[in-house]
S.K.: 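Just dropping this structure here.
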Amino acid sequence: MTQSQKVATATPQRTAIIPTRADNFAEWYQSVVKAADLAENSPVRGSMVIKPYGYGLWEQIQRALDDKIKDEGVQNAYFPLLIPLSFISREAEHVDGFAKECAVVTHHRLEMGPEGKLIPSPSAELEEPFVIRPTSETIIGDSMSKWVQSYRDLPLLLNQWCNVMRWEMRTRLFLRTSEFLWQEGHNAFETAEQAEADARKMLEVYRSLYVDFLAMSPFCGEKTADERFPGAVRTYSIESMMQDGKALQAATSHNLGQNFSKSCGIKFQGRDGSEHFAHTTSWGLSTRSIGGLIMTHGDDDGLKMPPRIAPQQVIILPITKGDDGAAAVIEYAQNIAAQLKAVGVRVHIDLSDARAPDKMWAAIKRGVPLRVEVGGREVEEGKLTHTRRDLGRESKTSCSVDEFIGSIKNILDDMHHSMLKTSQSYSKSRVVDCQTAGAMKEYFETSLELGFAKIPVELLTDEALAVYRKDNALTTRCMPFEDEGRMVLIGKSY
RNA sequence: CGGGGCGUAGCGCAGCUUGGUAGCGCAACUGCUUUGGGAGCAGUGGGUCGGGGGUUCAAAUCCUCUCGCCCCGACCA
């Protein structure tokens, strides 16, 4: 028996998540969401409860993105949850796109029904029903039409953080829920060129969020006509490749042209003295990004939080034996935590009375980037032991507290770049250039691993190939900017 | 919304075919020993078997309706 075989026998692999990614990716995903304590199903079909740790993650994403949005000169505002039915029907394509998934509010009072149960009061039916916003183009457009009089009122740059509702047929935690959280930006401009540039710019903002904070390496490009937002002239998207080779649309940005300004009446007196319709854009990123993060970075032991948006960047695990010296160890841990906070690191101390191994596994499953163990030995020597979540137990290192505080920023930075690199090389390795329909079919039929085929856009008009794509649930993801519209990515998607 | 699978203790499951009033593992709780990569022993508590209706002396089990979850599609962030 070789050395490596011995090791394998001595420490049989036990993963924290069952099943593993290779066994059943969909179930693995569900397990990670639960094991990492991010969210759970609610009594309301298709809606989820986001638990404190999951919401803490969303707050970090919000904070990072909100800063970037404000850097672009956009102001936050808030528009109503309820949208008059007539507003939704203003833009023809918009109606087609959203009508079938709208929740509608029809009554304003409950009363005791004949069977002793509360029912919507028949005498309290609304004259005009309200739609719970599936997105807010129309109601924000209504405000914009009042706020914009002159070209001097443009550009008008607005964003709101809110919830929206789309009555989905099939839901999955974070990836698709009927109610979800997002930000939706809505900008209005004087010229078509400005709107087009804005749509591209906001997509770039999303790309930088993914790269710089979520350590993900998405594909950016324009959507093909059939994948466009209802009512948009052009739709751009961030497409991210998950570990099972499927695509996740991770953010979108739309150039709406004058479609909404015409239907909502956003007009202004131009420099030439005559009346013009504004050119608008809209752009959004949702809690789905959390699903993308999980499926990009997770492993068979659970979540791996990218350090820059981890709600807890460091978790300190006090190792106490009985009561002997426990107080000293905890005080030592609190002292380290204070020093970490002082240098801007988000730190948490696990003061639960669980045993040390259980604390460790809880931290592993939740994906806390760095675990710090402190016990009686470290207290005496002024040291600590730390382990990186992304590298595992092999990375266990002992050093002095001072040295650790001095290098913590670098450690977290290294981790970010290492996770980003892994994500980049993975995404890249799963894209295969296919110049012909035959090559594309061969790829999807013979490749052992799912991924994207990059094909010339002319092949989209190939009818036989369109049938093949439909039969195999292969959709166009986007036409990457780098190919200047000549190529399109084809793959399966969430 | 179509096809398939599944709802029994917090979680994972057995029991259902051949009806007889519910069990296993983990978790929880108590005590002792433990504690630096998933601890051991002993003991304890917890379920109107998703819900409604039906068949029957008797239903987790049979029939029916309904709700929910998961997977594969269609649709979509």
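Protein chains get the first letters and strands the later ones, always in sequence-line order, with residue 1 at the start of each. The basis for the numbers below is simple: all heavy atoms, side chains too, and nothing from hydrogens, waters or symmetry mates.
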S.K.: Nearest-Å distance, CD1 (A/I316) to P (B/rG36)?
M.R.: 18 Å
S.K.: If the P atom of B/rG43 is compared with that of B/rG37, how far apart are they to the nearest Å?
M.R.: 30 Å
S.K.: Any side-chain hydrogen bond (donor to acceptor under 3.5 Å, both in side chains) pairs touching residues 92-106 of chain A, not counting sequence neighbours?
M.R.: none
S.K.: Considering Watson-Crick and G-U wobble pairs with both distances under 3.5 Å, what does B/rC26 pair with?
M.R.: B/rG10
S.K.: Do we get A/R207 above A/Y210's six-membered ring, with its NZ or CZ under 6.0 Å from the centre and within 45° of the axis?
M.R.: no
S.K.: Please work out which residues in residues 286-302 of chain A have a non-hydrogen atom less than 4.0 Å from an atom of RNA chain B and list them by number.
M.R.: A/S286, A/R288
S.K.: For the C1' atoms, the ones on B/rG54 and on B/rG19, what distance do you get once it is rounded to whole angstrom?
M.R.: 15 Å
S.K.: Which residues within residues 21-58 of chain A lie with some heavy atom under 4.0 Å of an atom in RNA chain B?
M.R.: A/A26, A/Q30, A/N41, A/R45, A/G46
S.K.: Scan residues 41-58 of chain A for pairs that pass side-chain hydrogen bond (donor to acceptor under 3.5 Å, both in side chains), counting only residues two or more places apart or in two chains.
M.R.: A/D37-A/K51
S.K.: What integer distance in Å separates A/Y494:OH from B/rC71:C1'?
M.R.: 12 Å
S.K.: On RNA chain B, compare the nucleotides closest to A/G392 and A/A251; which residue's is nearer the 5' end?
M.R.: A/G392
S.K.: Pick the P atom in B/rG45 and in B/rC65, then give their distance to the nearest Å.
M.R.: 42 Å
S.K.: Does B/rG31 have a Watson-Crick or wobble mate here (both distances under 3.5 Å), and if so which one?
M.R.: B/rC41
S.K.: Side chain of A/T177, heavy atoms from C-beta onward: which of B/rA77, B/rC1, B/rG38 has the nearest atom to it?
M.R.: B/rA77
S.K.: Can you sort out the partners of A/R200 under side-chain hydrogen bond (donor to acceptor under 3.5 Å, both in side chains), two or more places apart, ordered by chain and number?
M.R.: none
S.K.: Examine the side chains of A/T224 and A/D226 and answer whether a donor and an acceptor come within less than 3.5 Å of each other.
M.R.: yes
S.K.: Would you classify A/K470 as touching base, sugar-phosphate or nothing, given that sugar-phosphate means primed atoms plus P, OP1 and OP2, and contacts are heavy atoms under 4.0 Å?
M.R.: sugar-phosphate
S.K.: For RNA chain B, which residues in residues 95-104 of chain A have a heavy atom at a distance below 4.0 Å?
M.R.: A/K100, A/E101
S.K.: Please state whether the base of B/rG37 and the side chain of A/R371 form at least one donor-acceptor pair under 3.5 Å?
M.R.: yes
S.K.: If pairing requires Watson-Crick or G-U wobble contacts with both distances under 3.5 Å, which nucleotide is the partner of B/rG19?
M.R.: none
S.K.: Using the P atom in both, what is the distance from B/rC13 to B/rC71, to the nearest Å?
M.R.: 14 Å
S.K.: Using a heavy-atom cut-off of under 4.0 Å over every strand shown, decide if A/G284 touches base, sugar-phosphate, or nothing.
M.R.: nothing
S.K.: Would you mind pulling out the nucleotide paired to B/rC1, Watson-Crick or G-U wobble, both distances under 3.5 Å?
M.R.: B/rG73
S.K.: Does A/E378 make a side-chain donor-acceptor contact with the base of B/rG36, cut-off 3.5 Å?
M.R.: yes
S.K.: Using the side-chain hydrogen bond (donor to acceptor under 3.5 Å, both in side chains) criterion, which residues pair with A/T296? Sequence neighbours excluded.
M.R.: none
S.K.: Sort out the partner of B/rG36 for me: Watson-Crick or G-U wobble, both distances under 3.5 Å, none otherwise.
M.R.: none
S.K.: Just to be sure I understand the rule, does A/R170 reach a base, reach only the sugar-phosphate, or reach nothing, if contact means heavy atoms closer than 4.0 Å?
M.R.: base
S.K.: Suppose we screen for salt bridge (charged side-chain N to carboxylate O under 4.0 Å, His left out). Which residues come up paired with A/R389, at least two apart in sequence or across chains?
M.R.: A/D299
S.K.: Tell me yes or no: between the side chains of A/T138 and A/E91, is some donor less than 3.5 Å from an acceptor?
M.R.: no
S.K.: If I pick the C1' atom on B/rC41 and the same atom on B/rU48, what distance separates them, to the nearest angstrom?
M.R.: 35 Å
S.K.: Please report the distance, rounded to the nearest Å, between CD1 in A/I319 and C1' in B/rG37.
M.R.: 10 Å
S.K.: Hey, which sits more toward the 5' end of RNA chain B by its nearest nucleotide, A/L173 or A/R388?
M.R.: A/R388
S.K.: Restricting to side-chain hydrogen bond (donor to acceptor under 3.5 Å, both in side chains), what partner residues turn up for A/Q334, sequence neighbours left out?
M.R.: none
S.K.: Is there a Watson-Crick or G-U wobble partner for B/rG46 with both distances under 3.5 Å, and which nucleotide is it?
M.R.: none
S.K.: Provide, to the nearest angstrom, the distance between the CD atom belonging to A/E168 and the P atom belonging to B/rA74.
M.R.: 14 Å
S.K.: Could you give the CG-to-C1' distance, from A/L384 to B/rG36, as a whole number of Å?
M.R.: 13 Å
S.K.: At under 4.0 Å between heavy atoms, what does A/L285 touch on the DNA or RNA strands: base, sugar-phosphate, or nothing?
M.R.: nothing
S.K.: Sort and list the pairs that fulfil ring-ring contact (aromatic ring centres under 6.0 Å, His included) and have at least one residue in residues 20-51 of chain A, not counting sequence neighbours.
M.R.: A/F25-A/W28
S.K.: Closest approach to the side chain of A/A16, judged atom by atom: which nucleotide of B/rG38, B/rU35, B/rA74 is it?
M.R.: B/rG38
S.K.: Could you give the distance separating B/rA60 and B/rU8 at their C1' atoms, to the nearest angstrom?
M.R.: 7 Å
S.K.: Using the C1' atom as the point on both nucleotides, what is the distance between B/rG40 and B/rG50, in whole Å?
M.R.: 38 Å
S.K.: For A/F219 and A/F452, what are the C-alpha separation, side-chain angles and deciding distance, and is it a ring pair (Phe, Tyr, Trp, His ring centres under 6.0 Å)?
M.R.: CA-CA 11 Å; A/F219 300 90; A/F452 299 165; 5.5 Å; yes
S.K.: Restricting to salt bridge (charged side-chain N to carboxylate O under 4.0 Å, His left out), what partner residues turn up for A/E72, sequence neighbours left out?
M.R.: A/K201
S.K.: Check A/E239 with A/K223, please: is the shortest side-chain N to carboxylate O separation under 4.0 Å?
M.R.: yes
S.K.: Distance between the C1' atoms of B/rG4 and B/rA77, in whole angstroms?
M.R.: 27 Å
S.K.: Can you name the side-chain hydrogen bond (donor to acceptor under 3.5 Å, both in side chains) partners of A/D66, sequence neighbours left out?
M.R.: A/K70, A/N76, A/W161
